[in-house]
Amino acid sequence: MLPVFVLDDATPGGWRRGAASRWWLHHSLSALAADLARLGLPLVLRRGPAEAAIAALVQDSGATAVMWNRRYEPWNRQRDEGIKVALHAAGIEASSHNGALLREPWEVTTGGGRPYQVFTPFWRALRSLPGPGQPLPVPSGMAAPDRAPAGDRLDDWALRPTRPDWAGGLSRTWTPGEAGARERLASFLDRALPAYRTGRDRPDRDGTSMLSPHLHMGEVSPRTVWNAVEAADADGEAFLRELGWREFCHQLLFHHGDLADAPLRPEFARMPWRDDPQQLAAWQQGRTGYPIVDAGMRQLWQTGWMHNRVRMVAASFLVKDLLLPWQAGEAWFWDTLVDADLANNAANWQWVAGCGADAAPFFRVFNPVLQGEKFDPDGRYVRQFVPELAPLDDRWIHQPWAAPAEALHRAGIRLGRDYPWPIVDHAAARQRALAALDHAKRVAA
DNA sequence: TGAAATGTTGGGGCG
DNA sequence: ACGCCCCAACATTTC
């Protein structure tokens with residue numbers, strides 16, 4: 001048994017693993033190598049086009065069989081199929097397995113054998129199938145080869161940032177690796193699952209699982225999570241549904257290979273998106289002047305993660321208030337999220353933009369003030385990530401521009417200097433977005 | 001997994 | 001006592 005990891009960066013279309021995800025990968029591999037060492041096994045690292053790397057490893061090790069877990073990005077599917085064919089041709093046993101999903105994307109179909117386009121019937125169908133079985137135990141008695149083939153040094157891959165080292169906030173927030181994943185799962189079951197239905201919407205609380213990067217990297221399987229939630233002494237249905245969305249997203253990517261690049265609804269190709277590098281930068285850097293949006297974008301930059309409720313608000317703001325293309329937001333999230341996942345990221349951006357499967361209608365525009373007041377009622381979340389607003393009264397924390405001069409003065413805040421004025425007027429921006437959609441529909445018709 | 005605009009209802013103040 | 005008006009609260013429609 002020879003555990004191997006091949007880093008293959010030959011991904012088309014700008015979808016090479018992003019910076020935050022590379023940081024995670026470094027630490028995840030480091031943890032994996034340590035876990036394997038405890039079992040007496042090496043972890044051989046190779047870099048380059050996977051087909052050549054695997055062929056070389058087979059040669060170097062004398063392996064007679066190669067096993068791996070399936071990936072669902074179109075280029076990975078194509079590549080893995082090529083590897084399988086080449087191995088078979090060379091007389092090597094090759095098999096792929098499902099370690100990433102509850103069900104294979106082709107297993108959940110409508111009565112007519114078509115993929116679902118709407119989440120709720122998809123979820124009903126998935127839910128009606130037998131649940132995933134218990135995960136298998138860690139195999140025992142795996143012997144390392146007498147002499148492991150040479151591999152790269154993890155540090156030489158330079159997956160971590162150097163100058164500047166922006167990963168401090170990531171290190172403080174996360175423990176990549178299987179042990180970290182199990183710890184996160186256990187504390188979620190204990191702490192947040194009982195109140196998940198409502199608690200998950202509160203970015204000011206520890207109400208979500210934060211398992212997404214662990215799931216993405218395969219440090220815990222959705223099957224393990226599913227079984228643990230079902231076994232818990234709490235109503236886990238709302239959380240299981242979120243695992244269902246993850247499945248739905250992967251199913252969409254499987255059936256629509258260009259999900260990450262092209263809108264599923266063709267009329268959205270005609271949306272008159274704006275091109276405004278300055279406003280895009282303001283959004284990315286968390287200086288839009290809308291506190292809940294800025295808090296979210298700064299949480300993302302500092303920790304590599306953003307609370308799901310705030311992701312929806314921030315994404316809605318980019319696409320609708322700023323009328324910038326959803327692909328620009330998708331690309332930024334891809335680079336900065338530790339949980340960056342092609343299927344989830346693409347499907348959810350399309351959902352927000354209103355151009356995806358079962359998407360939120362485009363006219364459903366989040367009001368950043370109301371969302372802030374509803375889900376961060378005493379401004380704790382905003383104060384954590386936008387500290388310059390911390391002294392402001394609760395009454396104005398989500399709309400500092402509306403605060404009386406006296407309240408701003410008391411908080412020591414001068415708008416335009418300490419915190420930006422709103423870069424757009426929400427009410428006017430909302431009207432502009434609705435008009436843009438109207439235009440796209442008319443042109444399409 | 002919205003929000004704003006518009007419509008309806010019903011309690012209470014008041015002449 | 002009665003009708004009128006105001007408006008908050010809730011419901012429905014529309015974007």
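First the proteins, then the strands, lettered A, B, ... as listed; each starts at 1. Atom set for the values below is all heavy atoms of this structure, side chains included, hydrogens, waters and symmetry mates excluded. Small disclaimer: the values here were computed from a predicted structure and weren't measured.
- In the set dG2(B), dT1(B), dA3(B), the nucleotide with an atom closest to the side chain of Phe366(A) is dG2(B).
- Side-chain contact annotation: Asp358(A) with Tyr116(A), donor-acceptor N/O pair under 3.5 Å absent.
- Here the nucleotide nearest the side chain of Leu370(A), chosen from dT1(B), dC15(C), dA4(B), is dA4(B).
- Outside the 6.0 Å centre-distance limit, the rings of Trp401(A) and Trp421(A) are not counted as a close aromatic pair.
- Within 4.0 Å (heavy atoms only), Gln431(A) reaches no atom of the nucleic acid at all.
- Whole-Å rounding puts the Glu373(A) CD to dG2(B) P distance at 16 Å.
- If you measure from atom CZ of Arg197(A) to atom P of dT1(B), you get 12 Å, rounded to the nearest angstrom.
- Atom CG of Asn348(A) is separated from atom P of dT1(B) by 15 Å (rounded to the nearest Å).
- The shortest distance between the side-chain N/O atoms of Arg309(A) and the OP1/OP2 oxygens of dG2(B) is below 4.0 Å.
- Taking the six-membered ring wherever Trp is involved, the centroid distance between the rings of Phe254(A) and Trp106(A) falls below 6.0 Å.
- Between dA3(B), dC15(C), dT1(B), one nucleotide has an atom nearer to the side chain of Asn367(A) than all others, and that is dA3(B).
- Between the CZ atom of Arg442(A) and the P atom of dC15(C) there is a distance of 13 Å, rounded to whole Å.
- Under the 6.0 Å cut-off for aromatic ring centres, Phe317(A) and Tyr290(A) qualify, their centroids lying closer than that.
- Regarding His398(A), its NE2 atom lies at a distance of 13 Å from the P atom of dA3(B), rounded to whole Å.
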